[in-house]
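As structure tokens, the structure follows; a few thoughts come after it.
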Amino acid sequence: MPAVTDFQLHERLAADTVSLGRTRLCEARLMNDCTWPWVILVPAVPGIREIYELEVTDQQRLLAESSALSEEMMARFGGDKMNVAALGNMVPQLHLHHIVRFEGDPAWPGPVWGKQSPVPYDEPGLTSALDKLSLIIASLA
């Protein structure tokens, strides 16, 4: 994997998210929308747009990190469904969304995109989310 110094987070991801730290492969980011527990993993590999462009070992690492993150998020937030998606239509840099969904949430059962404007975290909510999620991310480092 290239040096982390070669990696730059896309400006849209930087603007819409808060850092949770680093895993072995990824920059982990909390989406600044308190409607859903929503974490984005961004492989810290420059110039990658698709999963298949990663080296095989990094593909495997991404799947392992994504699976562990998903399992821990579901355990901590008690959701009904975990949505994992890599769309990249608005932000071409490879990133995987991990969204805990609840029956009856504002977008249920459809996708979260385009259903409502993001609801930014207030300070106590952000602190609570960072506390819960940072422990998960630290376990993936």
Side-chain angles (χ1 to χ4, degrees), residues 1-4 6-141:
M1 181 166 86
V4 172
D6 296 339
F7 170 75
Q8 289 191 351
L9 186 66
H10 189 279
E11 63 271 0
R12 176 92 184 253
L13 291 175
D16 293 346
T17 63
V18 177
S19 178
L20 288 168
R22 286 288 314 266
T23 67
R24 284 180 48 201
L25 177 65
C26 298
E27 172 73 22
R29 311 287 300 187
L30 171 66
M31 179 63 82
N32 191 12
D33 184 349
C34 67
T35 309
W36 299 275
W38 187 341
V39 174
I40 299 172
L41 291 181
V42 186
V45 181
I48 299 296
R49 297 171 61 107
E50 308 294 343
I51 294 171
Y52 64 79
E53 294 175 334
L54 291 168
E55 297 291 330
V56 171
T57 55
D58 286 343
Q59 291 175 26
Q60 293 167 342
R61 182 82 233 151
L62 180 59
L63 178 60
E65 290 181 4
S66 175
S67 295
L69 174 62
S70 296
E71 183 176 9
E72 287 294 322
M73 287 180 71
M74 287 294 282
R76 288 182 193 264
F77 294 100
D80 296 306
K81 178 72 176 102
M82 171 58 72
N83 289 176
V84 178
L87 301 175
N89 298 340
M90 301 291 289
V91 175
Q93 182 175 49
L94 177 60
H95 60 288
L96 283 174
H97 297 266
H98 298 75
I99 308 165
V100 178
R101 300 295 305 279
F102 303 92
E103 289 184 24
D105 72 33
W108 187 266
V112 299
W113 288 274
K115 295 296 181 183
Q116 68 179 37
S117 296
V119 179
Y121 282 94
D122 62 16
E123 198 61 37
L126 180 60
T127 299
S128 176
L130 291 174
D131 287 347
K132 288 178 185 175
L133 295 165
S134 294
L135 294 173
I136 299 171
I137 300 306
S139 74
L140 300 175

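Every residue meeting the ring pair (Phe, Tyr, Trp, His ring centres under 6.0 Å) condition with His95, not counting sequence neighbours, appears here in chain and number order: His97.
Closest approach of Ser19 to Glu27, counting heavy atoms only: OG-OE2, 3.3 Å. Heavy-atom minimum distance, Ser66 versus His98: OG-NE2, 2.7 Å. Residues Pro46 and Phe7 come closest through the heavy atom pair CG-N, 4.0 Å.
With hydrogens and angles left out, the side-chain atoms of Trp36 and Asp105 include a donor and acceptor closer than 3.5 Å. Checked by atom type, the side-chain pair Glu72/Ser139 shows no donor-acceptor distance below 3.5 Å.
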Handout entry: Check against side chain to side chain contact (heavy atoms under 4.5 Å, CB included), Leu25 and Val45
Key = CA-CA 8 Å; Leu25 177 65; Val45 181; 4.2 Å; yes
Exercise for the section: Would you please test Leu30 and Leu126 for side chain to side chain contact (heavy atoms under 4.5 Å, CB included) and show each step? Expected result: CA-CA 9 Å; Leu30 171 66; Leu126 180 60; 3.7 Å; yes
Problem - Check against side chain to side chain contact (heavy atoms under 4.5 Å, CB included), Leu69 and Ile137 - result: CA-CA 8 Å; Leu69 174 62; Ile137 300 306; 4.1 Å; yes
Exercise for the section: Tell me, with the steps shown, if Arg76 and Ile136 meet side chain to side chain contact (heavy atoms under 4.5 Å, CB included). Expected result: CA-CA 10 Å; Arg76 288 182 193 264; Ile136 299 171; 3.3 Å; yes
Which donor-acceptor pairs under 3.5 Å do the side chains of residues 81-94 make with protein atoms, sequence neighbours left out?
residue	atom	partner	partner atom	Å
Asn83	OD1	Arg101	NH1	3.0
Gln93	OE1	His10	N	2.8
Gln93	NE2	Gln8	O	2.9

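Of the possible donor and acceptor atoms, one in the side chain of Gln59 sits under 3.5 Å from a partner among the backbone N and O of Leu54.
Counting only heavy atoms from C-beta outward, the side chains of Met31 and Ile99 never approach each other to under 4.5 Å. The shortest side-chain heavy-atom distance between Leu20 and Leu130 falls under the 4.5 Å cut-off. A 4.5 Å side-chain heavy-atom check between Trp38 and Val112 finds at least one atom pair inside the cut-off. In this structure the side chain of Pro37 reaches within 4.5 angstrom of the side chain of Phe102, judged on heavy atoms.
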